[in-house]
Amino acid sequence: MIKINENFLELQDSYLFATISKKVAEFTKENPNCKIIKLGIGDVTRPIPQAVLDAMHKATDEMGKQEDFRGYGPEQGYDFLREKIRDNDYKSRGVDIDIDEIFVSDGAKCDCGNIVDIFSTDNKVAITDPVYPVYLDTNVMSGRSGNYDDKTGKYENIVYIPVTSKNNFVPEFPKEKVDMIYLCYPNNPTGTTLTKKELQQWVDYAKENKAIILFDAAYEAFISDEDVPHSIYEIDGAKEVAIEFRSFSKTAGFTGLRCAFIVIPKELNGYTENGEKVQLNKLWNRRHCTKFNGVSYVTQRAAEAVYSAEGKKQIEENINYYKENAQIIKKGLEEAGYTVYGGTNSPYVWLKLPDGTKSWDFFDKLLKEANVVGTPGVGFGPSGEGYFRLTGFGTKENTEEAIERIKNMK
Ligand code: PLP
């Protein structure tokens, strides 16, 4: 008899984007002449920069020549890319990372999901709430969650750290002991950030508690404030307590191309049941080489071009385009009297709904009265109730029009 991994039965169906699509489809059917503007999207919309395309064309041609053809590459990624990552993402910020601490992959989503393989199921997991759902669901799948409670919308063994306007979106230390702490900054969905000082406190906390921080910096490229760290390794002591996830998806429009990387410093250890130290870098290397066969040569050449002078310029133009949209949303909503967060170091604007309005009620109102689609905050966790996410990933014209419509709502 084939037995299943019953942890999967603990997963809650994600109704968020399915419900949004269903509601939009129904509305469109009833109102075929309405022009709906979607500001709920978390995907990039600008095409791949020319420098990256040129590199891909060149690499594709090489694959057709006998002398340049490449088969399987190193599972961890080609040195030409890892060296560029080391120099541009770390050395340039005064952070010393070796190339064998960098593992290239096909996405931060997979990395965030796969990393749980190297940790004991006994570990206590802490997530901020609201949160990017992958951290939670992958721990449910691997048996760290316990049962789901319908009333609270929470799993019994997961520690939820609320991040709301009440604590200015700065997560407080959990009262109980935790082992694996997920932090995502700039944050999806709230668009908020932590300062170097605030992140230092978390690094110190992790050190004192022999915990690990799983730091997702997928939106690092959107940072403009000086005081916001681009990498957790800019913080003293972080190499001993943190794994960092990075992605080319939002940085360079690679959501369809797929390339990312994970950094695991050699100083970072986990412990056996007997308290012996084990290098996590070694464990991950073993896991990665066993279950992954590398990102395609063409894609890695594309990622390399992200770091060329032309590539950097073109990427910055795209990022600025999205950031300008986020500012249009932020300023427009503030003028309309709303309280908003994020949108400065992030493509995401997090709107606090007035007078106890529920996330889904605001979704319906926005769709009906402004024909604008956003994402209900409660879809990212119980503490997201009463909030709403809008994104700068649309076109400038649509963003401006959507904000005008929202301003004119009653
Ligand atoms: N991490 C966060 C916080 C995200 O919001 C996303 C995508 O939306 C990802 C990771 C996924 O990145 P990738 O496209 O590299 O899988």
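Residue numbers run from 1 in the order of the sequence given. Order of appearance sets the numbers: ligands from 1, and atoms from 1 within every ligand.
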Subset of ligand 1 atoms that lie under 4.0 Å from at least one heavy atom of G107 | 15 (O), 16 (O)

How does Y219 reach ligand 1, if at all, at less than 4.0 Å between non-hydrogen atoms: by side chain, backbone, both, or neither?
-> side chain

Decide, yes or no, whether a salt bridge links D117 with R287 under the criterion of side-chain N to carboxylate O below 4.0 Å.
-> yes

Does the side chain of V373 come within less than 4.5 Å of I37's, by heavy atoms?
-> no

Can you tell if the side chain of P171 reaches within under 4.5 Å of the side chain of L194, non-hydrogen atoms only?
-> yes

Quick check: does Y348 get an N/O under 3.5 Å from an N/O on ligand 1?
-> no

Considering only heavy atoms of D216, which atoms of ligand 1 have at least one such atom less than 4.0 Å away?
-> 1 (N), 2 (C), 3 (C), 10 (C)

For K250, the ligand 1 atoms with a heavy-atom partner under 4.0 Å come out as 7 (C), 8 (O)

Output yes when the distance from some N or O of ligand 1 to some N or O of S247 is under 3.5 Å, and no in every other case.
-> yes

Measure the distance from atom 12 (O) of ligand 1 to every protein heavy atom, then report the residue, atom name and distance (to 0.1 Å) of the closest one.
-> A108 CB, 3.7 Å

Give the residue, atom name and distance (to 0.1 Å) of the protein heavy atom nearest atom 11 (C) of ligand 1.
-> Y132 OH, 3.3 Å

Give a yes or no on whether the ring-centroid distance for F103 and F261 is below 6.0 angstrom.
-> no

Please state which protein non-hydrogen atom is closest to atom 14 (O) of ligand 1 and give its distance, to 0.1 Å?
-> S249 OG, 2.6 Å

Where ligand 1 meets C184 - atom numbers and elements under 4.0 angstrom, heavy-atom basis | 3 (C)

Do K368 and N31 get their side chains close enough for a donor-acceptor pair, meaning under 3.5 Å?
-> no

Just by distance, with hydrogens left out, do Y233 and K239 show a side-chain donor and acceptor under 3.5 Å apart?
-> no

Considering residues, nucleotides and ligands other than K266, do more than 12 of their heavy atoms fall under 6.0 Å from its NZ?
-> yes

Report yes if some N/O of T255 lies less than 3.5 Å from some N/O of ligand 1; otherwise report no.
-> no

Donor-acceptor pair, E176 side chain versus V159 backbone, under 3.5 Å?
-> no

Which of the atoms in ligand 1, numbered in the order shown and given with their element, are less than 4.0 Å from a heavy-atom of Y135?
-> 3 (C)

With sequence neighbours excluded, what pairs up with D89 under the salt bridge (Lys or Arg N to Asp or Glu O under 4.0 Å) test?
-> R246

Considering distance alone, does some N or O of R258 sit under 3.5 Å from an N or O of ligand 1?
-> yes

